[in-house]
Every structure is written in structure tokens, then in C-alpha cells.
Amino acid sequence: MANASGFFTPSVPRLRSKIQPSIGVSRSGFCFSGGISRRVVCSSAIEGAEKLVSPSESRMPKLVSKGCKLVGCGSAVPSLSVSNDDLSKIVDTSDEWISVRTGIRNRRVMSGKESLKKLAVEAARKALEMADFDPNDLDLILMCTSTPEDIFGSAPQIQRELGCRNSPLAYDITAACSGFVLGLISAASHIRGGGFRNVLVIGADGLSRFVDWTDRGTCILFGDAAGAVLVQACDAEEDGLLSFDLHSDGEGGRHLGAPINDNETDELLGSNGSALDFPPKKSSYSCIQMNGKEVFRFAVRCVPQSIESALEKAGLVSGNVDWLLLHQANQRIIDAVATRLDFPQEKVISNLANYGNTSAASIPLALDEAVRSGKVKPGHTIAAAGFGAGLTWGSAIIRWG
């Protein structure tokens, strides 16, 4: 099992009194002492290297005070809506059976000429428009997806479609339903530790392409969508990522995945009966395979612990948070986590009924709807958490705007 500690920036005025002075080094590489974050160099090989660089040339002072904030969001969904009644015509199920067990009533599915890339580009453009931001000023594009339309990744193609003339770095992050949270943390790391200023984080998945539509245990759950957020460098006092907590556990991977199919061959090589292994046959991925009960147990146990850890790092308790925003997997999971964390239902963001489980897109899609409807306002604090295949899970305490 692997885990990672999170940044936090106690320089935010309303949080200052909640944080006790302490000294320590987190796995993020930052040291906290009395509410001040300092960059720590852990390699003796470069000890004292700062002395060789003049203050005007060194980036270290900039890293000390740099924060990051979320300044724009956008989302996009396919035009085809598939209802529970529609599914009942192809599998043995009903609207009542699905809605009671999952909270889902509809989901969007790509069809015709729609593509995941087009959805991602549309969501990205909306986020940039909200922030009134020129795509040519982007430093980095992170495409969080486990269903790219090119096995080598989609991010550079999105960069091209956005018309970024300055060739910003663009790459994919594969972490399924935890992907967007990991993308946010990666964006913050590039900003705080790498001098980047403007990072576009996109969460997009087309799980309908990997669903067995004859399996009522999985086909009822998933839909397609894309969501995006623009993360921008700022002064520490404006920091919008207060803390995070990340984990993975490969032992649980057997409960949720879509592995490559093993292509058996009946061809023999020579007379000794050995199989012909070369050249290999074309590989393909299996449909999504899930042990629903085990995934449920994992989520309701691990997600509250992760959020509590992130809140503790930020010097907050659940009562200080305006909204709880979980990966939209199952309404029973969302309700169980909210209950364990003592979040009232009116503070829980959920759009699961309309879209189903959209994997890496679910958090930015729900956030975008909440922002555009006026529910989430600038300055609101959000406890967000993603969880799923890998198994991976993580949470982030963020402030919008």
C-alpha cells in the first residue's frame, strides 16, 4: 500500500487559529513551522547549493510563497440519454430496481460521431471561457482518463484542438475514478515545485465502450462525460488547495478492473506440442469486471478516513466545510460516507441520478453544475474525494475561486 501526505497553507486568515505550530517534513517535500511553509532539500549532494545562485536567479523564494487556486470550470456530456427504462428492454432490470440500489435514473452515452476527445475539448474551452483565459498561456494540460482513444494518450491531441501555439506540456494520468483528484494534486505540484503558472486539469472517460451491456450488475452504472478545471498560480494567502491525502492498494485491484484478454492459441509449433507464442495475437481489453459488495465496503471504509486525514492536515473539521463532493459512483456510498463524516444532506453535492458513474469526469462535472447553478460560490470550501479501480483513493480540501 502506498500513500502520500498533503500540502496545506495555514496562511489563510480564517484557518490560522486552527493550526498548532509544528515542525515536520511531509512527503510532499514541504516543511511546516508555525504556519510557514518552507522548501526542504533532502539530498546532501546539493546541500548549500543556494549559495551558488544569486537571489535574483534563484527560484526558491518564489516557491516559498506560491499557492494555487481554481479559477474556471467546464463540462460536456454526450447527447444520447439512456434511461433505466431503456435498459430494462435489453437486460432483466427495472427503473425501481436500479434507482433504489444506486440512485441512478439516466446516463449519457457517446454515439454517432461523438468522441471522448471532443467532449474533453468542449469542457476545457468552457473552463477557459469562465476564467476569461487564453489557451496560448497554458503551461500544462493534464488529461485524466482511463479510456483514451489512443493507447499512447490523448492530452497532446487536446492541446492541438485547443489551438495552443506555444506547445505547452500535455500528458495523460490513468487512475480511473480517482484520476481527477490526482490531477489536481499533480497540477499543484507542478505549480508549487516546478514554476508552472497555468494548468488545465481535465477528467474524461468513456466507460460505455468497456461495459458488457448484457450484465445488469455493471451496465446500469456507467456513463460518459468530461469536466475540466483551470488551476492557476497565486500568492499563498489566496491558496485554494488546503490539503490532500492519497492512497493506493494493488491487493484490491481484483475487485474492479478491465484487464487485457488472454488470447489462447491452439496452434502448435513443430511436433513437441509447444504453443506458437510469436508473433503475438492482437490484444484487447475485457469489459469492466466488478465485485460490487467489496467495492462498496472499500469505499465506505477508506473514503471517510481519507477525508478526515485531509481535514486534519488543513486544521479543519467537517463543520468548517461548505460542501462534500464525492466521486459519483453510487448514492448509497455517498450517503454512507456523508453519515460517517456527519455531513448533512443539504451540504452534499450529487448529480448521480442524471449521469451515473462517469469515472474521472464525475467530480469536475458535478462541480461545474454546482458552480454554474450558484450553489458553490467563490470562497466556499469543498471536501472532495475520488475512489475506484487500482484500487486508488484520495481526497483534497479545496476552496473555489
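It should be emphasised that the depicted structure is a prediction, and the values quoted were computed from it without experimental measurement. Position 1 is the first residue of the sequence; numbering continues from there.
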If you look at every heavy atom in [X] and [Y], which pair is closest and at what distance?
X    : Y    : result
T218 : D212 : OG1-O, 4.1 Å
G227 : A361 : N-CB, 4.2 Å
S350 : I334 : OG-CD1, 4.1 Å
L116 : G206 : CD1-N, 3.7 Å
A360 : A176 : CB-O, 3.5 Å
A131 : G72  : CB-CA, 4.2 Å

With heavy-atom distances below 4.5 Å as the criterion, would you say the side chains of [X] and [Y] are in contact?
X    : Y    : value
D249 : W393 : yes
L142 : Y171 : yes
S208 : W213 : yes
S178 : H327 : no
L326 : F343 : no
D134 : L128 : no
W97  : N84  : no
V121 : L162 : yes

Any donor-acceptor pair under 3.5 Å from [X] side chain to [Y] backbone:
X    : Y    : value
D172 : S154 : yes
Q159 : P168 : yes
R108 : A225 : no
E114 : S111 : yes
R107 : I220 : yes
S306 : C302 : no
K347 : L324 : no
S189 : I185 : yes
S318 : L341 : yes
R101 : N330 : no

Return the [atom1] to [atom2] distance between [X] and [Y], rounded to the nearest 0.5 Å.
X    : Y    : atom1 : atom2 : value
I141 : Q157 : CD1   : CD    : 11.0 Å
R160 : S167 : CZ    : OG    : 12.5 Å
I307 : D245 : CD1   : CG    : 9.5 Å
I398 : I382 : CD1   : CD1   : 4.5 Å
L325 : S395 : CG    : OG    : 12.0 Å
L230 : N198 : CG    : CG    : 6.0 Å

- [ ] For R105, check salt bridge (charged side-chain N to carboxylate O under 4.0 Å, His left out) against everything at least two apart and list the hits.
- [x]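 So R105 forms a salt bridge (charged side-chain N to carboxylate O under 4.0 Å, His left out) with D95.
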
Give a yes-or-no answer on whether the side chains of [X] and [Y] include a donor-acceptor pair shorter than 3.5 Å.
X    : Y    : answer
E369 : S75  : no
D205 : T147 : yes
D86  : S83  : yes

Open item on the list: So, applying side-chain contact (heavy atoms from CB on, under 4.5 Å) with C144, which one of L184, V181, I173, I202 is it?
Closed with: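 The side-chain contact (heavy atoms from CB on, under 4.5 Å) with C144 is passed solely by I173 among L184, V181, I173, I202.
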
One thing to verify: whether [Y] and [X] come together as a salt bridge, which I'm taking to mean a side-chain N less than 4.0 angstrom from a carboxylate O.
X    : Y    : value
D239 : R192 : yes
E149 : K117 : no
E122 : R125 : no

Open item on the list: If you apply the rule side-chain contact (heavy atoms from CB on, under 4.5 Å), what do you find for T339 with D342, and how did you get there?
Closed with: CA-CA 5 Å; T339 298; D342 199 26; over 6 Å; no

Open item on the list: Taking atom CD as the centre, does Q345 end up with more than 12 heavy-atom neighbours from other residues, nucleotides or ligands that are less than 6.0 angstrom away?
Closed with: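 Yes, CD of Q345 has more than 12 neighbouring heavy atoms, counting only those of other groups under 6.0 Å.
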
TODO: Begin with the C-alpha distance, continue with both residues' side-chain angles, and end with the deciding distance and a verdict on ring pair (Phe, Tyr, Trp, His ring centres under 6.0 Å) for H380 and W400.
DONE: CA-CA 6 Å; H380 278 188; W400 173 251; over 10 Å; no

